[in-house]
Trainee: 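If you scroll down you'll find the structure; I have some questions about it.
One-based numbering along the sequence shown. Just so you know, these numbers use all the heavy atoms, side chains as well, and skip hydrogens, waters and symmetry mates.
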Amino acid sequence: MQITSEQLQGLAQTHFPAEFAASWSALIKPAVSLQHAGDSDAVIGTLGGAPALGSNPWPHWEGHGPLGHVLSVDCAMANALLPELRLPAAGHLSFFYFDGRFNSDYGTVGFWDPDSQAGQRVVHVTDGHGEKAVVPEGLPDFPAVPLTGRVTATPPSYNHPLLGDGWQSIAPGQMEAFDEALAELMRALGPRHQLGGQAHPIQDAVEYEVAEAMGRLTDNEAFARQSASYQILSKDLHLLAQVDSDHAAKMSWGDMGILYWERPSSEVNSSSVTSPGFTWQCS
């Protein structure tokens, strides 16, 4: 299933004031929707299972334990589908997250706690011959679910940083009707696993949380949402990947939440994945 820009623009024109509808529509972006692969589909990646890590060690959060593997994607295949992704030219990316299944006593990875950012990792694998890594003892792995990729249009959140306070021009009834119509349209995609495009927030705009997570890593005391550095960074983030809760992979992030990784323009422009920021949300 795919969503078109025209469908999204139509919703905005129906439910939003004209000026805000135009601003919102200008932020619609293409993305690679990662959907469960059928027998005849090209497989671009895998949810769960044991990843191929080449010479890379399995990621650990020091003092906590090994991270769970949630997604691996082939960079070349993703770039061929959507060149705007600007992923590394070769190899694959493997995404890891500490969700407490190894030991539930160790707390939560959160944008508010810079020390907890060690509980997520993106590993760029360029060597080896696809041999699966050994899952650390005591770490339950998620069932492997092959994924195919389809390019689809993705909508910005109504309070995306680049939209400022424009959403305040929308009456509550208009926003409620828009949210219902958008949810119905996007439901056709199934679980919202995605590369690039606009993040699908469950709570606040994802960019706000990721900017805070990244900023606090370098200046936890001074970095705040009122700071100029925060304002700049929150407007310069681009979704790298999001991993939804998924019954087939037995993944559930909190109350059916979503994991998000974002990176700044400098990394997109250099086709690198050096230190993406992370957050997660649930209802």
Trainee: Strictly distance-based, threshold 3.5 Å: is any side-chain N or O of T148 a donor or acceptor partner for the main-chain N or O of A37?
Mentor: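 Pair absent, no side-chain N/O of T148 close to backbone of A37.
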Trainee: Give a yes-or-no answer on whether the side chains of H238 and K29 include a donor-acceptor pair shorter than 3.5 Å.
Mentor: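 Distance-only check passes for H238 and K29.
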Trainee: So, W58 versus F96, ring centres under 6.0 angstrom or not?
Mentor: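 That pair passes the under 6.0 Å test.
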Trainee: Using side-chain heavy atoms (C-beta onward) and a distance below 4.5 Å, is Q281 in contact with P201?
Mentor: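 Yes - at least one pair of side-chain heavy atoms lies under 4.5 Å apart.
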Trainee: Can you check whether V43 reaches D74 side chain to side chain, under 4.5 Å on heavy atoms?
Mentor: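 SC-SC contact between V43 and D74 ruled out.
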Trainee: Do R86 and S271 have side-chain atoms, one donor and one acceptor, less than 3.5 Å apart?
Mentor: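 R86 vs S271: donor-acceptor pair found between side chains.
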Trainee: Using every non-hydrogen atom in the two residues, find where L217 and P114 come nearest and quote the distance to one decimal.
Mentor: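 The answer is CD2-O, 3.4 Å.
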Trainee: Does the side chain of L11 come within less than 4.5 Å of L185's, by heavy atoms?
Mentor: yes
Trainee: Do Y158 and F178 have ring centroids that are under 6.0 Å from one another?
Mentor: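 Not close enough - the centres of the two rings lie 6.0 Å or further apart.
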Trainee: Is there a side-chain contact between F278 and V210, using heavy atoms and a 4.5 Å cut-off?
Mentor: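 Side chain of F278 against side chain of V210, heavy atoms only: no contact under 4.5 Å found.
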Trainee: Nearest 0.5 Å, please: how far is CE in M175 from CD in Q168?
Mentor: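 It is 10.5 Å, given to the nearest 0.5 Å.
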Trainee: Are the side chain of D127 and the backbone of S55 linked by a donor-acceptor contact shorter than 3.5 Å?
Mentor: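 Looks like yes, one N/O pair under 3.5 Å.
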Trainee: Provide the closest heavy-atom pair for S245 versus S252 in the form atom of the first, atom of the second, distance.
Mentor: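 That closest heavy-atom pairing would be OG-CA, 3.5 Å.
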Trainee: Could you tell me whether the side chains of E209 and T279 share a donor-acceptor contact shorter than 3.5 Å?
Mentor: yes
Trainee: Report the residues that fulfil side chain to side chain contact (heavy atoms under 4.5 Å, CB included) with D141, sequence neighbours left out, ordered by chain and then residue number.
Mentor: V135
Trainee: Quick one: NE2 on H160 to NZ on K235, what's the gap to the nearest 0.5 Å?
Mentor: 10.5 Å
Trainee: Side chain to side chain contact (heavy atoms under 4.5 Å, CB included) with V73: which of T46, L85, L93?
Mentor: L93
Trainee: In this structure, are over 12 heavy atoms from other groups packed under 6.0 Å from E19 atom CD?
Mentor: no
Trainee: Nearest 0.5 Å, what's the CD-OG distance between Q203 and S283?
Mentor: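 That separation rounds to 8.0 Å.
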Trainee: Should we count CD of E131 as having more than 12 external heavy atoms under 6.0 Å?
Mentor: no
Trainee: Decide yes or no for D99 and V70: does some side-chain heavy atom of the first lie under 4.5 Å from some side-chain heavy atom of the second?
Mentor: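 Not touching, per the 4.5 Å side-chain cut-off.
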Trainee: Please assess L67 against H60 for the test side-chain contact (heavy atoms from CB on, under 4.5 Å), listing each intermediate value before the final yes or no.
Mentor: CA-CA 6 Å; L67 312 187; H60 280 65; 6.0 Å; no
Trainee: So, N269 side chain and S265 main chain: donor-acceptor pair closer than 3.5 Å or not?
Mentor: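 Side chain of N269 to backbone of S265: a pair is present.
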Trainee: For the pair Q35 and H193, evaluate side-chain contact (heavy atoms from CB on, under 4.5 Å) and give the outcome as yes or no after the intermediate values.
Mentor: CA-CA 7 Å; Q35 302 174 14; H193 311 305; over 6 Å; no
Trainee: Take L239 and Q194 through the test side-chain contact (heavy atoms from CB on, under 4.5 Å) and record every step on the way to the result.
Mentor: CA-CA 9 Å; L239 184 69; Q194 188 176 304; 3.5 Å; yes
Trainee: Please report the shortest heavy-atom distance between G110 and Q117, naming the atom on each side.
Mentor: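 G110 and Q117 have their closest heavy atoms at O-NE2, 3.7 Å.
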Trainee: Could you check whether S33 and T152, counting side-chain N and O atoms only, form a donor-acceptor pair closer than 3.5 Å?
Mentor: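 The answer is no; no qualifying pair exists.
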Trainee: Return the minimal non-hydrogen interatomic distance between C282 and G254, and the atom names on each side.
Mentor: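 Result for this residue pair: SG-CA, 4.3 Å.
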Trainee: When you measure from the side chain of S25 to the backbone of A22, do you find a donor-acceptor pair of N or O atoms at a distance under 3.5 Å?
Mentor: no
Trainee: How long is the straight-line distance from NE2 of H69 back to CG of L53, given to the nearest 0.5 Å?
Mentor: 7.5 Å
Trainee: Is it the case that the side chain of E267 and the backbone of P264 share a donor-acceptor pair, with hydrogens and angles ignored and the cut-off at 3.5 Å?
Mentor: no
Trainee: Does the side chain of I258 come within less than 4.5 Å of W280's, by heavy atoms?
Mentor: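 Counting from C-beta outward, W280 and I258 never come under 4.5 Å.
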Trainee: Any idea which heavy atoms bring L139 and G68 closest together, and the distance?
Mentor: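 Where L139 meets G68 most closely, the heavy atoms are CD2-CA, 4.2 Å.
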Trainee: Regarding H36 and D246, is there a side-chain donor-to-acceptor distance under 3.5 Å anywhere?
Mentor: yes
Trainee: When you measure from the side chain of Q198 to the backbone of L27, do you find a donor-acceptor pair of N or O atoms at a distance under 3.5 Å?
Mentor: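 Yes, because the side chain of Q198 sits within donor-acceptor range (under 3.5 Å) of the backbone of L27.
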Trainee: In terms of hydrophobic clusters joined by side-chain contacts under 4.5 Å, are V268 and V32 together?
Mentor: no
Trainee: Does the separation of the ring centres of Y97 and W253 fall below 6.0 angstrom?
Mentor: yes
Trainee: Keeping Q2 on the side-chain end and R150 on the backbone end, is there a donor-acceptor pair under 3.5 Å?
Mentor: no
Trainee: Assess whether side-chain contact (heavy atoms from CB on, under 4.5 Å) is satisfied between V273 and L240, documenting all intermediate values.
Mentor: CA-CA 9 Å; V273 181; L240 172 61; 3.8 Å; yes
Trainee: Excluding sequence neighbours, so at least two apart, what forms salt bridge (Lys or Arg N to Asp or Glu O under 4.0 Å) with E184?
Mentor: R187
Trainee: Can you check whether D204 reaches N159 side chain to side chain, under 4.5 Å on heavy atoms?
Mentor: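 Side chain of D204 against side chain of N159, heavy atoms only: contact under 4.5 Å found.
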Trainee: Hey, does P59 have a side-chain heavy atom less than 4.5 Å from the side chain of V123?
Mentor: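 Result yes, sub-4.5 Å side-chain heavy-atom pair found.
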Trainee: Mark yes or no for whether Q174, through its side chain, and A171, through its backbone, hold a donor-acceptor pair below 3.5 Å.
Mentor: yes
Trainee: Aromatic rings F16 and F20: how do their planes relate, parallel, tilted or perpendicular, breaks at 30° and 60°?
Mentor: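 Correct class here is perpendicular.
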Trainee: Consider only side-chain heavy atoms of I, L, V, M, F, W and Y, link residues closer than 4.5 Å, and tell whether M256 and Y260 are in one cluster.
Mentor: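 Different clusters.
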Trainee: Please report the C-alpha distance between W24 and Q9 in whole Å, then the side-chain angles of each, then the deciding distance to 0.1 Å, and finally whether the side chain to side chain donor-acceptor pair (under 3.5 Å) criterion is met.
Mentor: CA-CA 8 Å; W24 185 89; Q9 291 167 7; over 6 Å; no
Trainee: Could you report the tightest heavy-atom contact between A153 and M186, atom names first, then the distance?
Mentor: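 What the structure gives for the nearest pair is O-CE, 4.3 Å.
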Trainee: Looking at H200 and S157, would you say the former's side chain and the latter's main chain have a donor-acceptor pair under 3.5 Å?
Mentor: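 Here the side-chain-to-backbone pair does not exist.
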Trainee: Which value, rounded to the nearest 0.5 Å, describes the distance between M251 atom CE and F142 atom CZ?
Mentor: 5.0 Å
Trainee: Can you list the residues that meet the salt bridge (Lys or Arg N to Asp or Glu O under 4.0 Å) rule with D179, with sequence neighbours excluded?
Mentor: none
Trainee: Could you check, using the six-membered ring where one of them is a Trp, whether F95 and W261 have ring centers closer than 6.0 angstrom?
Mentor: yes
Trainee: Checking the side chain of Q120 only, and the main-chain atoms of V122 only, is there a donor and an acceptor separated by less than 3.5 Å?
Mentor: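 Judged by distance alone, no pair lies under 3.5 Å.
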Trainee: Can you tell me how far apart OG (S72) and CD1 (I44) are? Round to the nearest 0.5 Å.
Mentor: 12.0 Å
